[in-house]
Amino acid sequence: MEREEIRRHLAAIVGEDKVQSHPSELVVYECDALIFHRRPPDFVVYPSTARQIQEIVRLAYANDVPYLPRGAGTSLSGGAVPISGGILIQLSHLNRILDVNPQDRYAVVEPGVINLELSEKVKPQGLYFAPDPSSQSTCTVGGNIGANAGGPHCLKYGTTVLHVLGAEVVTPEGDLVQLGSPQGENAGFDLTGLFTGSEGTLGILTKAWVRLLPIPEQVKTFLADFTSMADATRSVSGIIARGIIPAAMEIIDQLTIQAVENSHFAAGYPTDAAAVLLVELDGLECEIEDTEGLIGRILRNNGAREVLVARDEAQRAKLWAGRKKAYGAFGRLAKNFYLQDTVVPRTRLTEVLEKIYAIADKYDFSVINVFHAGDGNLHPMLPYDAGDPEDVVRVLKAAEEMVRASIDAGGSLSGEHGVGLEKRDLMPYLFSDDDLEVMRGIRELFDPKQLCNPEKILPTTKVCMEFREKGAFML
Amino acid sequence: MIPPAQACRWLNLEGGVPPVHDPPDPESCRGWIRERDRAGDAVFILGGGGQWFLGNEPERATHILSVRRWDRILDHSPGDLTVTVEAGCPLQRLQETLSEAGQFLPFRPPNYPHATVGGAVATALAGRYGPAMGGMREFLIGIEILHADGRLSHAGGRVVKNVAGYDLCKLYAGSMGTLGIITHATFKVRPLPPASRTGILEFDHLSELLETALSLRNRVEPAALELFRSGTGFRLPGASSQRYGLAIELRDSEGPIEWKSRELRGRCPGIRFLDAAEADSFWKAWDRELCLALEPDNGRAVARISAPAGLLAEVHRWLERVLPGHGLSGHAAGSTLLVLANGAGFLRDLRSRWKGQPVYATLFKADAPLKQGLDVWGPTTQPLPLMRRIKERFDPRRTLNPGRFWGGI
């Protein structure tokens with residue numbers, strides 16, 4: 001089928017005004033929040049029903065046209081880049097909260113619902129949606145499910161997959177199917193669990209049943225400041241070792257503190273500290289009373305100069321704004337930043353962080369670390385100039401070494417951003433050929449023609465062979 | 001652990017108990033399973049054997065593969081809150097090791113004293129702590145699988161947060177050994193609460209019990225909220241066959257337990273707290289009664305029924321009419337009932353009465369003849385062709401536990 005014919009068919013499905021095909025319109029969709037990989041789609045469509053998505057997928061399937069879903073485009077792994085061109089299915093018009101069931105604590109939502117809007121909507125019922133990635137004011141629930149998104153509070157509450165009970169999905173062959181059930185009841189293989197985090201490669205989400213949690217009765221936020229990063233990471237281990245799992249434990253390093261304090265998001269972090277640690281407890285008042293004294297002691301015993309407890313909601317919000325808007329605050333420091341995402345066993349944090357600083361030194365970068373310390377999820381950020389090709393190569397090399405250092409310490413490629421295009425070719429560093437073959441099998445049985453968000457997650461067999469022969473690979 | 005011959009009593013096997021292969025480690029099993037696969041054999045995987053009551057009658061079974069000798073704890077890193085353990089390790093032994101470091105896994109699958117790690121992953125039945133603390137899909141973070149063709153593959157890892165590729169741990173958990181043989185698994189673990197207390201409330205109507213349970217769930221966040229009524233196949237000492245009991249188990253440190261107990265007394269003046277010895281014997285009796293109900297050839301059927309909180313009491317009122325005198329246990333906060341009866345025929349009527357509504361009924365256990373002709377799992381909300389394709393990809397010759405799973409997978 002010719003391009004124009006496909007456009008006509010798409011227009012017949014969603015309406016003329018819901019199809020874009022002019023280069024000036026398409027360029028907006030050429031990348032996501034990771035800017036290294038760019039390619040505009042051939043078409044952007046804005047369906048508003050599951051039925052329309054089904055028809056689009058069937059059209060694509062019949063004509064061997066690649067396609068992919070997109071939520072808010074906040075992916076940091078290139079997962080939402082239409083790297084093979086084709087049809088980009090923009091899900092922002094499927095943005096209704098269809099039902100809220102406070103008794104069974106779930107909501108039925110369309111994929112384009114904004115994460116934070118869902119929590120705001122169910123707040124009057126005393127509930128909220130737990131996954132809280134930094135982009136939660138713009139990212140969509142569908143995107144969260146695609147990426148199995150995390151956030152600071154998944155230390156206690158787990159990543160998105162633990163909050164998805166069921167999903168309605170258009171399969172790559174164009175069938176509309178239900179995975180799981182509203183109650184999360186066993187219905188055979190856990191296809192909801194498999195689908196969550198599949199980065200849009202196993203089908204397109206049209207509806208999800210998501211768990212809601214009760215808003216904690218009390219929240220208490222501590223800010224401890226340290227004269228060394230090692231003391232901060234030791235405090236994290238100390239808290240876990242005492243059998244306490246806080247709602248969140250976030251470390252912010254010196255450069256970040258300075259960037260935040262010099263910005264609009266100044267949170268009152270002590271600017272002479274080597275690192276600050278945010279610890280948040282939530283739950284019943286009696287549980288917090290039981291733990292807060294102990295937290296203070298552990299922090300001081302591990303070298304905290306001062307432990308501040310947020311006195312009210314306003315101060316708490318301010319402390320968190322500094323953390324969540326840290327990336328925005330960096331805007332003043334460099335033209336571009338490359339945000340890495342790796343994860344290591346908690347007990348290896350100190351050692352891997354030292355390696356990360358050493359790698360940054362080796363490549364002559366000043367690295368910034370603001371990360372989810374409680375679950376060992378590191379986010380080194382490297383300032384660079386995207387307009388300088390040499391700088392780009394340098395930053396990619398440094399980032400790759402950081403990922404390898406994490407994996408060598410028993411960690412993984414990604415804690416919450418996903419593989420996408422960014423880390424696809426590093427998968428053989430973590431997984432054997434047999435491991436990858438099993439994943440490839442999943443991909444093929446869902447999507448025999450490999451048209452649904454192609455070229456993501458899994459490296460080609462050729463890449464695996466080259467990787468093993470040369471023992472190195474450039475991102 | 002349950003001897004293979006005894007476990008086989010749950011299955012209607014022609015030709016008696018198949019030969020048992022008992023390799024010392026997964027590596028030495030690779031060649032054996034490859035041969036079985038090539039020969040077109042059907043291999044049943046045996047852990048503790050305590051959950052063989054689950055699932056459809058087997059399509060065929062030529063061999064039993066026991067993983068009981070794969071019982072090592074490979075790595076326990078208390079500071080990381082993770083543990084890697086072989087499939088045949090008894091769950092209770094693992095819990096003992098974890099408890100030395102002040103940690104635990106909140107799993108209490110049926111026949112808990114016999115349970116192995118691999119069996120717990122394969123069935124993914126969490127037990128009484130599941131609704132409040134999470135089930136297998138929450139705690140399983142890494143796995144190694146021996147495939148029917150002799151390959152070994154890994155998924156996940158040893159970190160608590162991981163999005164590298166497809167999350168195959170989710171696929172294997174609860175797949176009843178139909179996709180591969182679990183050789184070892186890695187879990188994130190929880191700090192072990194230092195204290196516990198159990199209180200009992202009684203009600204005349206299940207609807208009142210469920211309403212109270214939901215309000216307590218929000219207010220005191222108990223570790224377990226289990227409902228019960230003595231009747232067919234389930235007789236707790238001191239419990240009446242006329243009234244419904246709610247067992248509230250708190251697990252926490254001393255301070256919060258005292259606070260929560262006061263709160264419970266204030267809200268539910270009729271609550272009776274058990275002392276430590278009473279609580280211990282209550283939960284032991286609870287486990288024992290369920291074990292007895294699940295025994296083979298006892299004429300009993302046990303069905304698991306789940307429905308939204310708003311519908312569960314209505315479903316139960318209907319059950320009262322068609323099945324008077326049944327025994328009852330279940331997760332009040334998880335909106336799930338275990339119904340114990342003398343036959344399994346009611347299941348067909350229940351499914352037809354509540355057709356089209358979110359009421360899920362699975363036959364947990366029934367004597368082998370009673371299972372024949374019954375859809376044990378019930379209608380699935382998921383696409384069967386897709387699930388069959390998964391089975392075909394992982395186990396194309398249908399070597400592993402054939403027929404046990406949904407849709408005869």
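Chain A is the first sequence line, chain B the second, and so forth, proteins listed ahead of strands; every chain is numbered from 1.
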Original post:
Can you say whether B:Asn162 sits under 4.5 Å from chain A via the side chain, the backbone, both, or neither, judging by heavy atoms?
Top reply: both
Subject >> Option that, when pairs with chain B are counted at under 4.5 Å, heavy atom only, ranks first among A:Ile240, A:Asp375, A:Thr291 >> reply: A:Asp375
Original post:
Heavy-atom distance under 4.5 Å to chain B: side chain of A:Leu430, backbone, both or neither?
Top reply: side chain
Subject >> Which atoms of A:Ile457 approach chain B - backbone, side chain, both or neither, heavy atom under 4.5 Å >> reply: side chain
Original post:
B:Arg137 versus chain A, heavy atoms under 4.5 Å apart: side chain, backbone, both or neither?
Top reply: both
**OP:** Give the minimum heavy-atom separation between B:Val159 and A:Gly410, together with the two atoms involved.
**Re:** CG1-O, 3.9 Å
Original post:
Between A:Phe195 and A:Phe446, does a ring pair (Phe, Tyr, Trp, His ring centres under 6.0 Å) hold up when you go through it step by step?
Top reply: CA-CA 10 Å; A:Phe195 183 81; A:Phe446 270 83; 7.7 Å; no
Original post:
Is the backbone N or O of A:Thr342 less than 3.5 Å from a side-chain atom of A:Asn377, with the two atoms forming a donor-acceptor pair by type?
Top reply: yes
**OP:** Kindly indicate, with the supporting measurements, whether the criterion side-chain contact (heavy atoms from CB on, under 4.5 Å) is fulfilled by A:Leu349 and A:Arg234.
**Re:** CA-CA 9 Å; A:Leu349 261 182; A:Arg234 260 197 299 276; over 6 Å; no
Subject >> Region of A:Val161 that comes under 4.5 Å of a non-hydrogen atom in chain B >> reply: both
Original post:
Relative to chain B, which segment of A:Glu285 carries a heavy atom at a distance below 4.5 Å: side chain, backbone, both, or neither?
Top reply: neither
Original post:
Looking at A:Tyr429, does the NZ or CZ of A:Arg404 lie under 6.0 angstrom from its six-membered ring centre and within 45 degrees of the ring axis?
Top reply: yes
Original post:
Is chain B contacted by the side chain of A:Ala147, its backbone, both, or neither, given a heavy-atom distance below 4.5 Å?
Top reply: backbone
Original post:
Can you name the nearest heavy-atom pair linking B:Val163 to A:Gly415, along with the distance?
Top reply: CG2-C, 3.6 Å
**OP:** Taking only Lys NZ, Arg NE, NH1 and NH2, and the carboxylate oxygens of Asp or Glu, determine whether B:Glu263 and B:Lys260 approach each other closer than 4.0 Å.
**Re:** no
**OP:** Determine the interplanar angle of the B:Trp377 and B:Trp406 rings, folded into 0 to 90°, and report it as parallel if under 30°, tilted if 30 to 60°, perpendicular if over 60°.
**Re:** parallel
Original post:
Which bit of B:Leu192 comes within less than 4.5 Å of chain A, counting heavy atoms only: side chain, backbone, both or neither?
Top reply: neither
**OP:** Examine whether an atom of A:Leu458 lies under 4.5 Å from a heavy atom of chain B, and if so say whether it belongs to the side chain, the backbone or both; otherwise answer neither.
**Re:** side chain
Subject >> Heavy-atom contact with chain A under 4.5 Å, split by part of B:Leu171 >> reply: both
**OP:** Please state whether the side chain, the backbone, both or neither of A:His372 comes within less than 4.5 Å of a heavy atom of chain B.
**Re:** side chain
**OP:** Using non-hydrogen atoms and a 4.5 Å limit, figure out which bit of A:Asp104 sits close to chain B: side chain, backbone, both or neither.
**Re:** side chain
Subject >> Contacting moiety of A:Pro448, where chain B heavy atoms sit under 4.5 Å >> reply: side chain
Subject >> Engaged part of A:Val177 at the chain B interface, taking heavy atoms whose separation is under 4.5 Å >> reply: side chain
**OP:** Using non-hydrogen atoms and a 4.5 Å limit, figure out which bit of A:Arg105 sits close to chain B: side chain, backbone, both or neither.
**Re:** side chain
Subject >> Residue pair B:Leu384 / B:Gly407: nearest heavy atoms and the distance that separates them >> reply: CD2-CA, 3.8 Å
**OP:** Tell me, for B:Thr82 versus chain A, whether the close heavy atoms (under 4.5 Å) come from the side chain, the backbone, both or neither.
**Re:** neither
**OP:** Please look at B:Arg304 and chain A and tell me whether the side chain, the backbone, both or neither of the residue comes under 4.5 angstrom of a heavy atom of that chain.
**Re:** side chain
Original post:
Measuring heavy-atom distances to chain A, does B:Tyr360 have an atom under 4.5 Å in its side chain, in its backbone, in both, or in neither?
Top reply: side chain
Subject >> Atom group of A:Thr159 that falls short of 4.5 Å from chain B, counting heavy atoms >> reply: side chain
Original post:
Measuring heavy-atom distances to chain B, does A:Glu173 have an atom under 4.5 Å in its side chain, in its backbone, in both, or in neither?
Top reply: side chain
Subject >> Nearest heavy atoms of A:Ser237 and A:Arg346, plus distance in Å >> reply: OG-O, 4.3 Å
**OP:** Can you label the angle between the A:Phe189 ring and the B:Phe405 ring as parallel, tilted or perpendicular, going by 30° and 60°?
**Re:** tilted
Subject >> Pair A:Glu199 + A:Arg424, salt bridge at N-O below 4.0 Å >> reply: no
**OP:** Name the region of A:Ile288, side chain, backbone, both or neither, that has any atom closer than 4.5 Å to a heavy atom of chain B.
**Re:** neither
Original post:
Who wins among A:Leu194, A:Val419, A:Leu445 for the most heavy-atom pairs under 4.5 Å with chain B?
Top reply: A:Leu445
**OP:** Mind listing the closest non-hydrogen atom pair of B:Ser335 and B:Ala307 along with its distance?
**Re:** OG-O, 2.9 Å
